[in-house]
Amino acid sequence: MHPTTTPPTIETTLGAASPGATVPALIQHAYGNAEVVRPGERVVPALGPNDVAVAVHAAAIDRGTWHLMTGTPTMVRPAIGLRRPRNPIPGRDLAGVVLDVGTDVTGLRPGDRVHGTANGSLTTVAVTTADRLAPVPDGLGFVQAAAMPVSGVTALGAVEHAHVAAGQRVLVTGASGGVGTFAVQLAVGAGAEVTASCRGAAAERMTALGAAHVVDRTTTDPFVTPDAYDVVIDIAGRPSVGRLRHALRRGGTAMIVGGEGGSALVGGMTRQLRAVAISPFVPERLTMLVARERGSDLARLDQLLVDGTVTPVIDSTFGLDEFASAMARLTSGDVIGKVVIEVRPG
Ligand SMILES: NC(=O)c1ccc[n+]([C@@H]2O[C@H](COP(=O)([O-])OP(=O)(O)OC[C@H]3O[C@@H](n4cnc5c(N)ncnc54)[C@H](OP(=O)(O)O)[C@@H]3O)[C@@H](O)[C@H]2O)c1
């Protein structure tokens, strides 16, 4: 599970950060399964005034990485490239060390440990904007730091926008996944009585994260409950809007985060849009999340890590030359937490 190639030293990476330098990267020139992603090189671009070049140590992958790799659902292609990805470097989450900053960047300087997102993180030198980064909390390793940005900030947005509060009964579906493991901890941290819906094999881990109850979704319908929920954070399974409402008390909130599958053209989006459209006409609040990748939100999540409310759950780590295995693991159905690629191990 670790790279066989020798990673570049910090000195060679610092030199390679210069605009025009060529550095290793994973590259995809077509949509498809993991075999379209191949080892290659990228040229480090000149930094814009708000840009930051980062020596990437670790980069997590998630369902979004898979969607961008496969170009699905196809309705997203006008935005990401009609026939092939406009951005050929996969990956968004990263953690590493600042190599260089643009002229208008004030809060960061070379040598700082940062995490956040980039449009293409599976490379030894990623370039992103300062507002997508936050300092890595003291003592946190790069693997854990890389696991936090996309999934953790999504979960934070879901719990906050659902207005989860102390004493509420909260159901989290997809609780064992990248987003779910953060959502369970954040809802518990807010003082809620959390029910985690997941496969039976993940039950023990959910209890360890603070879930008061666990529903094995493979044997029990999580939406049929004698005591209605105040909030459902719906991350996986694509239950119908009717089933979500059935699980809620009058006035309760359904926060739809995601769910795989659906049509090739729009994926699961019709469900979200339907929920939002009917929400004004029903007693429950039906809403959806569109997560933003903001360093300021990540910094707030970091504070919750520092005070012990959340800790990233790492499912497995792979080397940069093991992308196909990492993607196979991500989509295996056996993951608990995050899959992380160590770009520069150690
Ligand atoms: N709205 C946004 O801005 C936003 C941002 C990020 C992600 N998302 C979306 O959120 C969803 C979850 O992302 P993720 O990274 O957490 O994915 P993930 O790591 O793959 O986790 C999803 C979990 O769902 C469970 N699951 C799988 N199939 C299921 C089914 N048929 N019914 C019920 N549960 C099932 C699995 O756990 P068990 O088998 O243990 O149940 C799995 O661990 C994705 O659809 C993603 O695209 C949305």
Side-chain angles (χ1 to χ4, degrees), residues 60-70 72-73 75-76 80 91-93 117 146-162 171-186 195-207 209 211 214-223 232-240 243-244 247 254-262 266-273 275-276 287-294 297-298 301 312-316 326-340:
I61 60 172
D62 71 320
R63 287 282 168 179
T65 312
W66 182 87
H67 284 292
L68 292 171
M69 179 183 82
T70 55
T72 59
M75 76 164 183
V76 301
I80 65 171
R92 298 184 82 72
D93 278 317
T117 59
M148 295 177 68
V150 171
S151 297
V153 169
T154 297
L156 184 67
V159 169
E160 287 184 343
H161 293 302
L171 171 67
V172 179
T173 68
S176 67
V179 179
T181 46
F182 282 103
V184 168
Q185 296 178 78
L186 289 166
T195 299
S197 165
C198 59
R199 64 192 184 279
E204 228 172 90
R205 298 294 293 278
M206 297 302 102
T207 307
L209 295 180
V214 181
V215 175
D216 179 349
R217 68 169 178 90
T218 63
T219 57
T220 308
D221 186 341
F223 300 97
V232 176
I233 298 179
D234 179 39
I235 301 172
R238 285 190 302 118
S240 68
R243 293 183 73 215
L244 284 171
M255 165 57 72
I256 304 180
V257 177
E260 295 304 303
V266 298
M269 272 311 276
T270 42
R271 187 177 67 107
Q272 273 97 316
L273 297 176
V276 171
T287 185
M288 61 181 269
L289 182 79
V290 180
R292 302 230 181 107
E293 296 172 0
R294 283 192 292 232
D297 291 335
L298 181 56
L301 184 66
V313 176
I314 308 301
D315 175 84
S316 47
M327 197 44 94
R329 176 68 191 171
L330 180 80
T331 54
S332 65
D334 295 329
V335 170
I336 299 179
K338 295 290 298 176
V339 175
V340 181

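Just follow the structure's listing: the first ligand is 1, and inside any ligand the first atom is 1. What you see below is based on every heavy atom in this structure, not just the backbone, and it leaves out hydrogens, waters and symmetry mates.
Closer than 4.0 angstrom to ligand 1 sit non-hydrogen atoms from Arg63, Thr154, Gly174, Ser176, Gly177, Gly178, Val179, Cys198, Arg199, Arg217, Ile235, Ala236, Gly237, Val257, Gly258, Gly259, Glu260, Leu289, Val290, Ala291, Val335.
For Val215, the side chain to side chain contact (heavy atoms under 4.5 Å, CB included) partners are Thr195, Thr220, Pro222, not counting sequence neighbours. With sequence neighbours left out, the side chain to side chain contact (heavy atoms under 4.5 Å, CB included) criterion links Ala254 to Leu244, Leu248, Leu286. Under the side chain to side chain contact (heavy atoms under 4.5 Å, CB included) criterion, Gln272 pairs with Ile256, Met269, Met288, not counting sequence neighbours.
Using a cut-off of 4.0 Å between Lys/Arg side-chain N and Asp/Glu carboxylate O, Asp62 and Arg92 are scored as not salt-bridged. Of the charged side-chain nitrogens involved, at least one lies within less than 4.0 Å of a carboxylate oxygen, so that Arg271 and Asp234 count as a salt-bridged pair. Using a 4.0 Å cut-off between charged nitrogen and carboxylate oxygen, Asp315 and Arg329 count as a salt-bridge pair.
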